[in-house]
Amino acid sequence: MADNPYLPYPVKIQQIITETEDKNLKTFKLVFLNKEDEERFTFIPGQFCEISIAGQGEIPIGIASSPTEKGFLMFTVNKTGVVTRFIHNMKEENIIGIRGPLGNWYPWEKMEEKNVVVIGGGFAFTTLRASIVYMLHPENRNKFKDITVVYGARSPGLLLYREEIAEWEKRDDINVHITVDATDDPNWPYNIGFVPTVTEQKITTSEDSYALVCGPPIMIKFTQPVLEKVGFTPEQIIMSLEMRMKCGIGICGRCNIGDKYVCKDGPVFSLAQLNELPKEY
Amino acid sequence: MSDKIIKKEELTNILKALKETYEVIAPVKENGFYSFKPFKDGGNIDLNFTNTRLSPKSLLFPQSERIFEFNLDEKSKDGYIVKEHPKDYPPSVIVGIRPCDAKAFKLVNINFDNPEFKDPWWVKRMEAMTFIGLGCNEPSSTCFCTSVGCGPFNEESLDVMLFDLEEYFLVRALTEKGEKLLKQGRVDKDVDEGLQKKADELRIKAEKKISSSVPTDKLKEKKINDLFNAPFWDDVAFACINCGTCTFLCPTCWCFDIQDEVTKTVGDRIRNWDSCMFPLFTLHASGHNPRPEKVQRVRQRFMHKLNYYVDKYNTGVACVGCGRCVKYCPVNVDIREVFSLMNGL
């Protein structure tokens, strides 16, 4: 973090990738303007940043790249509000800012020597992508047992990181189950069905496992009982939450769930932790 | 340092002397209400108040403050780069702050100055500030400080305490900062035994005058979800119109918003007070809102003060019993009743 935790590091947009056919999701590859800022910025998959655009404001976005990918940071942004609309119209070489890394991360120490099940839906696949890339890195892969991914979107054109996922498909050190709710493509090579249904078919044991689950509320609602049925305890189910934020450092007071701030005590919580908190998110 | 004594009419001259080194801030009566304003040589200070209408929180945490600046000229070398806005933090004295308001600074300090993150503007202003308190001889009927760990002569958050003894002020230095300030103001006449005794009696008498109290003994053991799902929230919130007056006046409400404002190609990043009473406070860009209903927002305010804060920091409730929210609520929502409901659940 910078000495003043509210002051963004200046970064340049190096590359913009349109991810989905509806053009609502774009990935921004950012590079630091100052070498010393880059050296200072060390993060762990699961953390997020405040993307800061002078004159527009700030938005909390998960870091979609892995710390094993050097020289840039990657954020995938859904076009929704004032700042996201603005950044969608920005160009490569434009200057913006980032503050972070913010928040906690997936429980990597606990997940060592365990099977890791990654379940994602729609555009909530960003820090999950960071996590998969991180685990697949040669230095890290043998720290984990089986890695299984269930990732779904409404249609093939709405899947993020498609080329990369197709590469994962070909590997033998990760099991990837891609699914879409529906498609009119007769040659669609992957699954058709909702994420909870595909999870039920593919995830048959909770032994020695952790599940990282990110997606829209409806997906989480129906995936949770599927996981519980095969024996996942609330401690083994890990989720990352979203909330309206401003400061990102647990001071401005708006993103609380009970006595926890999503920005500082989260965004990653186990279901066991969430069960202790008021249902106000 | 032993207690000192000054004649009341000497105070203005002492403050004038302090003005050479410090920014002096004092209670001033304007348009029928008291508030803390810069002390002027003419002597605008007026200590005949119970509580100021607004708490002094804006002295450390301005209602609206430029925190950064930037320009939006793409051709400029630093276009779109957000930069710090230079600020001064002169040594300052707040004179006549009530012990409850001073304690509120201490409670809020836990939020702005914590082991992980320091809010630079708050921390620097806090370091530069010396607190000269004024004990309350005549607490108001809405005051309940003695039941929330404070009191009309509570010294814990002050550097100097003034005891109002009719023609005199007894002046007690409580910290090194306070001693330094008294030396600077040349306050050096020791108090005699008679007036010392009078000051002690005054404190005891004032504490007895606090007629209203709240129960807090069971709050610490309450379970978060039991309180959150308690049956009384609809009743508590029924009359509330979400106007935000309580959060605005409250010395321990600190929530803020950050907004950018632009004129042509130059702009500022501004921090403004915000309020959990407003639906926008938690509205997501997607349209989802975790607290869309009034009752949820009212519950948030009381849960934060009497449960979340209590559990998180273990320093008691985030309320100093100043009574402002009780006095100025347009529909008579009374935090004292909510204390009873939550503590009694």
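Sequence lines set the chain letters: A, B, ... in the order given, protein chains first and strands last, and positions in each chain run from 1. Only heavy atoms go into these numbers, but all of them, side chains included; no hydrogens, no water, no symmetry mates.
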Could you tell me which portion of [X] (side chain, backbone, both or neither) has an atom closer than 4.5 angstrom to a non-hydrogen atom of chain A?
| X | answer |
| --- | --- |
| Glu116(B) | side chain |
| Leu227(B) | neither |
| Ile258(B) | both |
| Phe281(B) | both |
| Asp257(B) | both |
| Asn71(B) | neither |
| Lys118(B) | backbone |
| Glu69(B) | neither |
| Asn229(B) | neither |
| Glu84(B) | both |

Are the aromatic rings of [X] and [Y] close, with centres under 6.0 Å apart?
| X | Y | result |
| --- | --- | --- |
| Phe123(A) | Phe125(A) | no |
| Phe248(B) | Tyr328(B) | no |
| Phe112(B) | Phe61(B) | yes |
| Trp121(B) | Phe68(B) | yes |
| Phe70(B) | Tyr80(B) | no |

Given heavy-atom pairs under 4.5 angstrom as the criterion, report whether the side chain, backbone, both or neither of [X] touches chain B.
| X | value |
| --- | --- |
| Pro278(A) | both |
| Met245(A) | neither |
| Glu280(A) | both |
| Ile59(A) | neither |
| Asn78(A) | neither |
| Lys260(A) | backbone |
| Asp265(A) | side chain |

Do you know which of [options] has the most heavy-atom pairs under 4.5 Å to chain A?
| options | value |
| --- | --- |
| Lys312(B), Gln259(B), Arg269(B) | Arg269(B) |
| Val262(B), Leu72(B), Val82(B), Asp78(B) | Val82(B) |
| Glu74(B), Met303(B), Gln300(B), Lys83(B) | Gln300(B) |
| Leu280(B), Ile67(B), Asp311(B) | Leu280(B) |
| Val266(B), Asp274(B), Asp268(B), Leu283(B) | Leu283(B) |

**Item:** Whether Asn114(B) side chain and Asn111(B) backbone form a donor-acceptor pair below 3.5 Å
**Value:** yes

**Message:** Any side-chain to backbone donor/acceptor pair from Lys12(A) onto Leu30(A)? Under 3.5 Å, distance only.
**Reply:** no

Classify the side-chain pair [X]/[Y] by whether it contains a donor and acceptor separated by less than 3.5 Å.
| X | Y | value |
| --- | --- | --- |
| Tyr161(A) | Thr76(A) | yes |
| Glu337(B) | Ser340(B) | no |
| Asn289(B) | Thr282(B) | yes |
| Asp119(B) | Tyr6(A) | yes |
| Glu58(A) | Ser52(A) | yes |
| Asp259(A) | Asn307(B) | no |

**Item:** Residue among Pro10(A), Gly55(A), Gly253(A) with most heavy-atom pairs under 4.5 Å to chain B
**Value:** Gly55(A)

**Item:** Option that, when pairs with chain B are counted at under 4.5 Å, heavy atom only, ranks first among Gly57(A), Gly258(A), Gly81(A), Cys247(A)
**Value:** Gly258(A)

**Item:** Close side-chain approach of Asn104(A) and Pro267(A), heavy atoms under 4.5 Å
**Value:** yes

